[in-house]
Structures are given as structure tokens and as C-alpha cells.
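Since the structure is predicted, the reported quantities are computational estimates derived from the model, not experimental observations.
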Amino acid sequence: MGKKVCIIRSNPVRPDSRVEKEAWTLLKAGYDVRILSWDRDSDHDEQNGFISVADTCIPITWLGYKAAFNQGMKSLKPYLKFQFHMRKWLDKHKEEIDIIHACDFDTAFFSQSKSKGKRFVFDIFDFLYGEPKSILQKAVRRAQLNIINRADATIICTEERKEQIREAHPKRLVIIHNTPFIEQLQKNSGLNFKSSTSKIKVAYVGILADERLLTAIGKVLSNRNDIELHIGGFGPLESLFEELSNKCSNIFYYGRIPYSQTLELESKCDLMTAIYDPSIENCRRAAPNKFYESLMLGKPVLMTRGTGMSNVVEQNNLGELIEFSEEGFEKGLDRLISRKEEWPEISNRMRAIYNEKYSWEEMKRRLVELYSQL
């Protein structure tokens, strides 16, 4: 049996594509992998189970403290309860862990102190407060840099993120892009696809929050009969899209679905969105799952100008860049529809770029090589 890895994430991993990919990759490389996660859906005692990723099942422990996503200080109490329980769990299972793989500051800050005699990997999905505006934000930024300096290895998701951590001195640094792997696309994933029309289909599955321009997208598409919106995920706007799907014949809401169904849904649609608010620093440096999924699947993409990877879309003509507004979305959508004859060519170009630069085969090689150095 290989070294024992515990990946810690502050969500229930139902789904979490990056955690799932990394866990699957390490398991296939011979590591003994388990996941420790914060289940925000309900309060409950410690629960053990499995998540299915491609052809494997990965053990997971859920610590249940009910909390909403994107609620800031309102989630402080359950957040602290999760942290206390996480540290207690790591103490109890310390003999069963060789490597702690902590995702983001909200698991790394409290878990690094439990890594004595173990290896510690700091996996930065989102670096907090790279441009701090208050004393608290400056303190959090400094704390993240200190975690990097003490960690045995640090993972970031794009080359651009190096700028955010420029003051740190990582012992080992590797870039793992948020790209999917083909084994996650299953033609019989159990998805109940809800359309049989020939209308143009736009797909989005992810966090349902307004920094993704989703309220405006719902408003625009609910007033058009030439396009369908196929949307899934979870977050503050769930009730909005449940309501729209009940009122509008061209809007289909799937709720929270596993990642295999996410990819199948996107593969059945024509266009994808990877729209984020450019006023948010991490959005300007983002590595959007939706962008990488569109590459692998060959789906032309709508993306906000000035956000992470938008330069790749522009330089390679992979879709349309838009302004972050309702009007900007509709204009960009119409421009992309007017280029419908180009879609097959765009699709081929996207798949070629995925294979040449962003395939999970390359990311897998980087991750396994990093772990071999530990």
C-alpha cells in the first residue's frame, strides 16, 4: 500500500471536480487516498462514505455543520465548529496519514499545525486578498504566504497566480490547471436530459451566484424562444432557476448533479458560459472549470473580457468575450450565434488546444511527479 493521503476540503465534494480529479490521480498512482470534508447541507455527526469518480470509489468523511455558501460572517460559527472538528479528526487519525493535502486557506490555516512528522501540501484554488484593503485582509494574506513558506509543496491553478504569491518562497511549486479528464465523461451517467428540440442550447453548471451574471442570463433567455438554457448547480440563486424552469418552456434546471452528469449535460449543448465578475481579483486570475470543460468538449464559449483565460479565448478565437452586464451578455450571445457556421472549426481548434496544452494527462504527470518528490 502506498503512502496515505488525506485531502481536506471545506465543501461536501458533491461535486468538486478539482478534488475528485486529484484524488483519482493519486489513487491511480498507488497512494492510499481519503477525503475529509465539510458538509454544509445539514448538521449531523461524522459520516463515512464513498464518492464515485470515473471507475473508482474514494472514501470520504463528512463533518456536518449547516451553513450557506457565499454568506461571509454569517457562516463564522459553523466554520469554527468545522475547524475544531477537523483538528480533532486529524489528531485521532494521525497514525493513518502520511501527507495532508489542504485545499485553500480555510482548511490549511488550522490543519498545518497537525502536520508535524508528515508532509503538507497547500493546494490554492483561490488566493484570498491578493490586493488587501483592510488590516484583516492584510493579515489573511500574510498568513497564506506563511503557509506557503512552511508547506512542503504548493499547488496553484494558473501561471498568472504566481504574481499573487510573489512574496512567498515555496519549497516546491507546481501549476495544475482545472482541466477535466476524458474518463469523467460518461455517456450513460444517469442524466435526465430535458429537451428534444433543435433550438440552440446554452449550458451552465456550477455555483449559482450573481458574480456569474446568472440573474441577467436567466432574464435574457427567459424572454427568447430561439434558445434553451440548461442550468444546474447550487447556491443562492437555486430558487430563482427553479421558478424560471417552472414558468419558461426553454429553461431547464437540473439542481445539484454529479460531475459526470455535468460533463454529459455540457456535451449535449451547443454553447457554454464561463462568465465571472472582472471587478473581483480572483476572477481576473481565475482558472474556470467551465473554460477547460469547453476546450475538452469543443463547445464555443462566452467569457467576460479581462477575466482568467479570456486572453486564450481571444487569441485563439474560441468564442466571444463580453462585457459583464445583461446587455453585454445578449450582444455576445448574438455575435456567437451569427457565427454558427464556424462552430465546427472552433470545436476542432478547442480540442487541439486541450490536447496540446491543458490535457489532464499532463496535469496528472505534474501532480504525480510533485508527490514523488515528497
**Message:** Going by salt bridge (charged side-chain N to carboxylate O under 4.0 Å, His left out), name the pairs with one or both residues in residues 239-258, residues two or more places apart or in two chains.
**Reply:** Asp41-Arg256, Glu243-Lys247

**Request:** Tell me, please, which residues at least two apart from Arg366 pass side-chain contact (heavy atoms from CB on, under 4.5 Å).
**Result:** Val174, Ile175, Ile176, His177, Glu362, Met363

**Prompt:** Does NZ or CZ of Arg285 come closer than 6.0 Å to the centre of the six-membered ring of Phe127, within 45° of the ring's axis?
**Reply:** no

Can you measure from [atom1] ([X]) to [atom2] ([Y]) and round to the nearest 0.5 angstrom?
X: Leu271; Y: His230; atom1: CG; atom2: NE2; value: 11.5 Å
X: Ile124; Y: Cys103; atom1: CD1; atom2: SG; value: 11.0 Å
X: Leu333; Y: Thr273; atom1: CG; atom2: OG1; value: 10.0 Å
X: Phe291; Y: Tyr358; atom1: CZ; atom2: OH; value: 5.5 Å
X: Asp126; Y: Cys283; atom1: CG; atom2: SG; value: 8.0 Å
X: Asn348; Y: Trp343; atom1: CG; atom2: CH2; value: 15.0 Å

Keeping the roles fixed (side chain from [X], backbone from [Y]), state whether a donor-acceptor pair exists under 3.5 Å.
X: Asp277; Y: Ser279; value: yes
X: Glu281; Y: Gly130; value: yes
X: Asp43; Y: Lys66; value: yes
X: Asp152; Y: Val121; value: no
X: Asn48; Y: Thr61; value: no
X: Arg18; Y: Phe125; value: no
X: Arg172; Y: Leu370; value: no
X: Lys194; Y: Tyr253; value: yes
X: Arg40; Y: Ser10; value: yes
X: Glu238; Y: Gly235; value: yes

Between [X] and [Y], is any pair of side-chain heavy atoms under 4.5 Å apart?
X: Glu228; Y: Cys269; result: no
X: Asp32; Y: Glu96; result: no
X: Tyr31; Y: His101; result: no
X: Asp55; Y: Lys28; result: yes
X: Val313; Y: Met309; result: no
X: Gln164; Y: Leu128; result: no
X: Ser115; Y: Arg150; result: no
X: Thr179; Y: Tyr354; result: yes

Would [X] and [Y] pass as an ion pair if we require N to O under 4.0 Å?
X: Glu131; Y: Arg284; answer: yes
X: Arg224; Y: Asp334; answer: yes
X: Glu163; Y: Arg166; answer: yes

**Prompt:** Would Ser113 and Arg87 satisfy side-chain hydrogen bond (donor to acceptor under 3.5 Å, both in side chains), going step by step from the backbone distance to the final call?
**Reply:** CA-CA 9 Å; Ser113 64; Arg87 286 168 57 84; 2.7 Å; yes

**Asked** For His44, what residues pass the side chain to side chain donor-acceptor pair (under 3.5 Å) criterion, not counting sequence neighbours?
**Response** Asp39

Taking everything shown except [X] itself, do over 12 heavy atoms lie less than 6.0 Å from its [atom1]?
X: Glu341; atom1: CD; value: no
X: Lys199; atom1: NZ; value: yes
X: Lys171; atom1: NZ; value: yes
X: Asp91; atom1: CG; value: yes
X: Lys118; atom1: NZ; value: yes

**Request:** Starting from the C-alpha separation in whole Å, work towards a yes-or-no answer on salt bridge (Lys or Arg N to Asp or Glu O under 4.0 Å) for Glu361 and Arg365.
**Result:** CA-CA 6 Å; Glu361 281 301 309; Arg365 184 195 65 76; over 6 Å; no

**Request:** Report the C-alpha separation of Arg34 and Lys4 in whole Å, then their side-chain angles, then the decisive distance to 0.1 Å, and conclude whether the side-chain contact (heavy atoms from CB on, under 4.5 Å) test is met.
**Result:** CA-CA 8 Å; Arg34 73 171 303 115; Lys4 301 177 178 65; over 6 Å; no

**Message:** Pair Glu266, Leu263 - check side-chain contact (heavy atoms from CB on, under 4.5 Å), show working.
**Reply:** CA-CA 5 Å; Glu266 292 168 348; Leu263 290 177; 3.7 Å; yes

**Prompt:** Linking I/L/V/M/F/W/Y whenever any side-chain heavy atoms sit under 4.5 Å apart, do Ile353 and Ile182 land together?
**Reply:** yes

**Single-linkage hydrophobic cluster, 4.5 Å side-chain cutoff, Leu63 and Phe110 together** = yes

Less than 3.5 Å apart, which donor and acceptor atoms pair up between the side chains of residues 319-328 and the rest of the protein, not counting sequence neighbours?
| unit_1 | atom_1 | unit_2 | atom_2 | d |
| --- | --- | --- | --- | --- |
| Glu320 | OE1 | Arg335 | NE | 2.9 |
| Glu320 | OE2 | Arg339 | NH1 | 2.8 |
| Glu323 | OE2 | Arg305 | NE | 3.4 |
| Ser325 | OG | Gly328 | N | 2.9 |
| Glu327 | OE2 | Lys331 | NZ | 3.0 |

**Request:** Work out which heavy atom in Phe105 is nearest to a heavy atom in Phe122; give both atom names and the distance.
**Result:** N-CE1, 3.8 Å

**Prompt:** Can you name the nearest heavy-atom pair linking Ala23 to Ile58, along with the distance?
**Reply:** CB-CD1, 3.6 Å

**Request:** Begin with the C-alpha distance, continue with both residues' side-chain angles, and end with the deciding distance and a verdict on side-chain hydrogen bond (donor to acceptor under 3.5 Å, both in side chains) for Thr107 and Trp38.
**Result:** CA-CA 10 Å; Thr107 66; Trp38 177 9; over 6 Å; no

**Message:** Under the criterion side-chain contact (heavy atoms from CB on, under 4.5 Å), I'd like the reasoning laid out for Thr262 against Lys290: C-alpha separation, chi angles, the key distance, then a yes or no.
**Reply:** CA-CA 10 Å; Thr262 295; Lys290 304 301 114 188; 4.0 Å; yes

**Request:** Carefully, step by step, assess Tyr259 and Glu293 under the rule side-chain hydrogen bond (donor to acceptor under 3.5 Å, both in side chains).
**Result:** CA-CA 11 Å; Tyr259 194 60; Glu293 290 159 12; 2.6 Å; yes

**Message:** Using side-chain contact (heavy atoms from CB on, under 4.5 Å), reason through Ile227 and Ile337 one step at a time and then give a plain yes or no.
**Reply:** CA-CA 10 Å; Ile227 302 170; Ile337 291 172; 3.5 Å; yes

**Request:** May I ask you to list the residues sharing a hydrophobic cluster with Leu191, side-chain cutoff 4.5 Å, ordered by chain and number?
**Result:** Phe193, Val205, Phe252, Tyr254, Ile257, Leu265

**Request:** Each residue besides Phe50 in its hydrophobic cluster should be listed here, by chain and number; the cluster joins Ile, Leu, Val, Met, Phe, Trp and Tyr at side-chain heavy-atom distances under 4.5 Å.
**Result:** none

